[in-house]
**Q** 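My questions all concern the structure below.
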Protein chains: 2
Amino acid sequence: MTVGDNSGMQRNTRQRAAILETLSRQDDFRSAQQIHEQMKADGETVGLATVYRNLQVLSRSDRLDVLVAGDGEALYRQCEDTGHHHHLVCRECGRTVEFLAPKLENAMTAIAHEHGFTDVDHTLEVFGLCSDHAEGGVETR
Amino acid sequence: MTVGDNSGMQRNTRQRAAILETLSRQDDFRSAQQIHEQMKADGETVGLATVYRNLQVLSRSDRLDVLVAGDGEALYRQCEDTGHHHHLVCRECGRTVEFLAPKLENAMTAIAHEHGFTDVDHTLEVFGLCSDHAEGGVETR
DNA sequence: CTGCTCGTGAGAATGATTGTCATGACGCTC
DNA sequence: GAGCGTCATGACAATCATTCTCACGAGCAG
């Protein structure tokens, strides 16, 4: 029964370092496949399965944020804030802004409690058009 | 370039009626496959592809709510409120409560605007343990 | 250095969802 | 009620993201 911290048990592999390095250069959410392609383009030789495995491990240890897209694809991003926060994502260019909203958190928890729910958790993501893609002239839909 | 409303063009098929009927008897979110199995168990003969197609059509016309589970699977539910609303879902039994939170909506929109985002939309789902599954002794984490 | 184990890689396997296409069912007209 | 154009259906193949398998190589402790 090894309690808690097993981060010391992880080995330091070239591949994991490369994945983190690649992520640190991305600003928006990317799929595992996109990240893999990016790495190949950068001359890194890393297997796709390895990318998947590491993204999983990293997100589990909160070093990465996961966002499930509308079509069910998982998107990853290395966030500045390692604590609980939400995202404001431009649906045109993927530009992402992190934000905190303690009032929202509390309000949601309150609502949950009103209905007798405990141990509350939630997913909240906001999508919109960033200033560079505000609809004014060029409509893409 | 056929504009807008083609909802009048949909035909009334036995299959679609059966799917709606099945959904109306469910209280929680179910996957397309689960719905298909349920129907088979009820003696309905409907193809899986047909179930998928109809769930899509119905959700597109807002007669059904879709919830993308953590693993990317799409879950469907017939909600009482046909307008914009959110869900409070018990992560143990799937029991679902619908709720409105206009304050949250406004707050989120405000935050988005502060960052220059427009045409804002969002996804918000709350997960917890309902009164029947409140943790009192048995900790699952 | 030596060995134990975990991480990796290539490809197969899985599982949900979508595409294909011939046949059947709707709803309309006569 | 029959005929007809069209959309919907069903069986199965195809796709796509993700996970599994398993032999091999690379960290790291002794």
Side-chain angles (χ1 to χ4, degrees), chain A residues 2 5-23 28-61 63-77 94, chain B residues 2 4-23 29-61 63-77 94:
Chain A
T2 27
D5 182 283
N6 65 337
S7 58
M9 309 182 64
Q10 320 262 219
R11 289 180 184 171
N12 269 345
T13 64
R14 168 181 61 80
Q15 291 86 342
R16 182 166 306 160
I19 290 170
L20 279 169
E21 205 279 323
T22 301
L23 282 164
D28 41 14
F29 280 91
R30 295 290 176 89
S31 70
Q33 316 244 8
Q34 288 176 318
I35 292 165
H36 180 240
E37 279 169 34
Q38 174 74 62
M39 297 185 70
K40 250 197 324 202
D42 291 350
E44 301 281 356
T45 56
V46 177
L48 180 57
T50 301
V51 174
Y52 272 102
R53 269 186 301 245
N54 278 292
L55 289 175
Q56 242 177 219
V57 169
L58 291 168
S59 66
R60 213 174 289 140
S61 59
R63 294 204 277 165
L64 235 51
D65 264 32
V66 193
L67 181 56
V68 178
D71 63 344
E73 199 177 6
L75 304 177
Y76 301 84
R77 179 177 192 263
Chain B
T2 29
D5 182 283
N6 66 339
S7 59
M9 309 179 66
Q10 320 261 220
R11 288 179 182 172
N12 269 345
T13 64
R14 167 181 62 80
Q15 290 86 341
R16 181 165 309 162
I19 290 170
L20 280 169
E21 205 279 324
T22 301
L23 282 164
F29 281 90
R30 295 290 176 87
S31 71
Q33 316 243 9
Q34 286 177 318
I35 293 165
H36 180 238
E37 279 170 35
Q38 174 73 62
M39 296 184 71
K40 248 197 328 203
D42 291 351
E44 301 281 356
T45 56
V46 177
L48 179 57
T50 302
V51 173
Y52 272 102
R53 272 188 298 248
N54 278 293
L55 289 176
Q56 243 178 219
V57 169
L58 291 168
S59 66
R60 213 174 290 140
S61 58
R63 293 204 278 166
L64 235 50
D65 265 31
V66 193
L67 181 56
V68 177
D71 63 343
E73 198 177 7
L75 305 176
Y76 300 85
R77 180 177 191 263

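Every chain is numbered from 1 and lettered A, B, ... according to where its sequence line falls, protein lines coming before strand lines. Because the structure is a prediction, the values reported are computed rather than measured. Atoms considered below: every heavy atom in the structure, side chains included; atoms not considered: hydrogens, waters and symmetry mates.
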**Q** Do B:R53 and D:dG10 have a side chain to base donor-acceptor pair shorter than 3.5 Å?
**A**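 Looking at the base of D:dG10, it does pair with a donor or acceptor on the side chain of B:R53 (distance under 3.5 Å).
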**Q** Nearest whole Å is fine: how far is D:dA8 P from B:L48 CG?
**A**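 Nearest whole value for this atom pair: 18 Å.
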**Q** Is it the case that the side chains of A:Y76 and A:Q56 hold a donor-acceptor pair, with the cut-off being a distance below 3.5 Å and no angle test?
**A**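 Short answer, no.
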**Q** Tell me the interatomic distance from A:E73, atom CD, to C:dT17, atom P, rounded to whole angstroms.
**A**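 For the pair A:E73 CD and C:dT17 P, the rounded distance is 14 Å.
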**Q** Looking at every strand, decide which applies to A:Q56 at a 4.0 Å heavy-atom threshold: base, sugar-phosphate, or nothing.
**A**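 Sugar-phosphate, backbone atoms only, no base.
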**Q** Return the value, rounded to whole Å, for the distance between atom CZ of A:R14 and atom P of C:dG9.
**A**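 So the CZ-P distance, A:R14 to C:dG9, works out to 6 Å.
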**Q** Report the distance from atom CZ of B:R11 to atom P of D:dT9, rounded to the nearest whole Å.
**A**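 Between P of D:dT9 and CZ of B:R11: 10 Å.
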**Q** Does B:Q10 place a side-chain N or O at less than 4.0 Å from the phosphate oxygens OP1/OP2 of D:dA8?
**A**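 Answer is yes, contact under 4.0 Å.
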**Q** Given side chains that start at C-beta, do those of B:V51 and B:I19 come closer than 4.5 Å, heavy atoms only?
**A**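 With C-beta onward as the side chain, the pair touches.
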**Q** B:Q15 CD to C:dG24 C1': how many Å, rounded?
**A**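 So the two atoms are 10 Å apart, to the nearest Å.
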**Q** Taking only the side-chain nitrogens and oxygens of B:T50, find out if one of them lies under 4.0 Å from OP1 or OP2 of D:dG10.
**A**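 The answer is yes; a side-chain N or O of B:T50 sits under 4.0 Å from OP1 or OP2.
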**Q** Students often get this wrong, so: under 4.0 angstrom with heavy atoms, is A:D71 touching a base, only sugar-phosphate, or nothing?
**A**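 If one applies the 4.0 Å heavy-atom cut-off, A:D71 turns out to touch nothing in the nucleic acid.
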**Q** Would you indicate which nucleotide in C:dG9, D:dG10, C:dC26 comes nearest to any side-chain atom of B:N12?
**A**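 The listed nucleotide nearest to B:N12's side chain is C:dC26.
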**Q** With DNA chain C as reference, determine whether A:N54 or B:S31 sits nearer its 5' end, using the nearest nucleotide of each.
**A**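 In this pair, the answer is A:N54.
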**Q** How close or far is atom P of D:dT19 from atom NE2 of A:H36, stated in whole angstroms?
**A**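 A:H36 atom NE2 is separated from D:dT19 atom P by 15 Å.
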**Q** Apply salt bridge (charged side-chain N to carboxylate O under 4.0 Å, His left out) to A:R30 and A:D28, showing your working.
**A** CA-CA 6 Å; A:R30 295 290 176 89; A:D28 41 14; 3.2 Å; yes
**Q** Send over the distance from A:Y52 OH to C:dA10 P, rounded to a whole Å.
**A**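 From A:Y52 OH to C:dA10 P: 16 Å.
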**Q** Would you indicate whether the side-chain heavy atoms of A:V68 and A:L75 approach each other to under 4.5 Å?
**A**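 No; the side chains remain at least 4.5 Å from each other.
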**Q** Has B:T13 got a side-chain N or O lying under 4.0 Å from the OP1 or OP2 atom of D:dT9?
**A**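 Answer is yes, contact under 4.0 Å.
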**Q** Whole angstroms only, please: what is the CZ-P distance between A:R16 and D:dG27?
**A**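 Spelled out: CZ on A:R16 to P on D:dG27 is 12 Å.
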**Q** Less than 4.5 Å apart, any side-chain heavy atom of A:R63 and any of A:L20?
**A**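 Yes - at least one pair of side-chain heavy atoms lies under 4.5 Å apart.
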**Q** Scan A:T45 against the nucleic acid and name what it touches under 4.0 Å (heavy atoms): base, sugar-phosphate only, or nothing.
**A**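 Contact class for A:T45: sugar-phosphate only.
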